[in-house]
Amino acid sequence: MIQIYSIQTVEEALQCVQAGAESIGVAVATGADLPAEVPEATCAEIFAALEGRAQRVLLVVTPTEEETVEYVRRLQPDILQLCGNRLPATPELAAQCRAVRPGLRVLQAVGVDGPGAIDRAKYFAGFCDMLILDSIAPGIAGIGAAGRTHDWSIDAEIVRSVPCPVVLAGGLDAENVKAAIEAVRPWGVDSFTRTSDRLPDGGSRKNIEKVRAFVQAAREAFA
């Protein structure tokens, strides 16, 4: 599985699907100041355009479980990603979200900052449908958007130790994704930072040529 994050427009989303992305991630603005976040209305438009074309992944960070459930109810994603910096997945939250969106898969992010990530991954794998393994960087709150790799040997041990699908993220691009897949043997890979161009205002936009190159390299490695 090849996932591309963080999409900000319908045009970007459709271009990424045309480039071969199977899963599209959108960060919805909730006041948490997430990188590349979009208003809820924009997220809804993107999800509507993607229906039947790709898996729609909602990244949401809220202070309460009730708010997370309401975003799932309103936006009806295929996958809910919880990045864990404010509100990690719990068995109760996962059950509530699945109740309002039948068929929903819960994807919990695990920050790989050392061997302790293995036990955290095993815990979340007990009630989440999927895990995404990502980097942690100083100055960036939470898990992900660091634009750098981490210790793939820890990822490989997690893949061997948990029963659910594992997505590998963290500084992946067309140049290193083949080596990452060979080292970790994940179910899927994800790219945000290194398939985006940084804008003068500090924001980012998808670079579709980088997305195409990433998808091609990942497909070759998975094959």
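These numbers come from a predicted model, not from an experiment.
- Between Asp155 and Pro186, the closest side-chain pair of non-hydrogen atoms is not below 4.5 Å.
- Under the 3.5 Å distance criterion, with hydrogens and angles disregarded, no donor-acceptor pair is assigned to the side chains of Thr30 and Glu67.
- Scanning all heavy atoms of the two residues, the minimum distance from Ile2 to Phe214 falls at CG2-CE2, 3.8 Å.
- A 6.0 Å sphere centred on NZ of Lys178 holds no more than 12 heavy atoms belonging to other residues, nucleotides or ligands.
- Closest approach of Ser204 and Arg198 over heavy atoms only: CB-NH1, 4.3 Å.
- Qualifying side chain to side chain donor-acceptor pair (under 3.5 Å) partners for Gln3, counting only residues two or more places apart in sequence or in other chains: Ser23, Asp190.
- Here the side chain of Ser191 pairs no donor or acceptor atom with the backbone of Asp173 at under 3.5 angstrom.
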_side chain to side chain contact (heavy atoms under 4.5 Å, CB included) for Asp119 and Lys122? Distances and angles first, verdict last._
CA-CA 5 Å; Asp119 286 338; Lys122 289 179 179 178; 4.3 Å; yes
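- Interatomic distance, Ile4 CD1 to Gln15 CD, rounded to the nearest 0.5 Å: 12.5 Å.
- When atom types are taken as modelled, the side chain of Glu37 and the backbone of Val60 share no donor-acceptor pair closer than 3.5 angstrom.
- Here the CG atom belonging to Leu168 is positioned 7.5 Å from the CH2 atom belonging to Trp152, to the nearest 0.5 angstrom.
- Linking Ile, Leu, Val, Met, Phe, Trp and Tyr residues whenever their side-chain heavy atoms come within less than 4.5 Å leaves Val38 and Ile208 in two separate clusters.
- Taking 4.5 Å as the limit, some side-chain heavy atom of Pro77 sits within range of a side-chain heavy atom of Leu104.
- For the ring-ring contact (aromatic ring centres under 6.0 Å, His included) test, residues two or more places apart in sequence or in another chain that qualify with Phe127 are Tyr123.
- Considering every non-hydrogen atom in both Thr149 and Ser135, the closest pair reads C-OG, 3.6 Å.
- For the pair Gln96 (side chain) and Val69 (backbone), a donor-acceptor distance under 3.5 Å is absent.
- The SG atom of Cys43 lies 4.5 Å from the CG atom of Leu75; values are rounded to the nearest 0.5 Å.
- Residues forming a side chain to side chain donor-acceptor pair (under 3.5 Å) with Glu45 (at least two apart in sequence, or on another chain): none.
- Cation-pi geometry between Arg194 and Phe192 is not met at under 6.0 angstrom from the ring centre and within 45 degrees of the axis.
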*Give the intermediate values and the outcome of side chain to side chain contact (heavy atoms under 4.5 Å, CB included) for residues Leu82 and Thr68.*
CA-CA 9 Å; Leu82 297 168; Thr68 295; 4.2 Å; yes
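- Between the CG atom of Asp78 and the CZ atom of Arg56 there is a distance of 4.5 Å, given to the nearest 0.5 Å.
- Among all heavy-atom pairs drawn from Glu40 and Tyr71, the shortest one is OE1-CE2, 3.5 Å.
- A salt bridge does not link Arg205 with Asp197: none of the charged nitrogens is closer than 4.0 Å to a carboxylate oxygen.
- The environment of Arg53 atom CZ is sparse: at most 12 non-hydrogen atoms of other residues, nucleotides or ligands sit within 6.0 angstrom.
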*Could you please spell out the steps behind the side chain to side chain contact (heavy atoms under 4.5 Å, CB included) verdict for Arg98 and Asp129?*
CA-CA 11 Å; Arg98 293 185 188 111; Asp129 303 287; 2.9 Å; yes
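- A distance of 10.0 Å separates NE2 in His150 from CG in Asp113, rounded to the nearest 0.5 Å.
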*Take Phe222 and Val189, measure what side chain to side chain contact (heavy atoms under 4.5 Å, CB included) needs, and give me the verdict at the end.*
CA-CA 10 Å; Phe222 278 128; Val189 289; 4.0 Å; yes
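- Atom CZ of Arg219 sits about 6.5 Å away from atom CD of Glu22, to the nearest 0.5 Å.
- For the pair Gln55/Arg105, a side-chain contact is recorded, criterion being any heavy-atom separation below 4.5 Å from C-beta on.
- Side-chain contact between Phe124 and Pro88 is present, with heavy atoms from C-beta onward closer than 4.5 Å.
- Nearest heavy-atom pair, Ile46 versus Ala13, reported as atom, atom and distance to 0.1 Å: CG2-CB, 3.8 Å.
- Val159 and Arg185 make their closest contact through CG1-O, 3.5 Å (heavy atoms, listed as atom of the first residue, atom of the second, distance).
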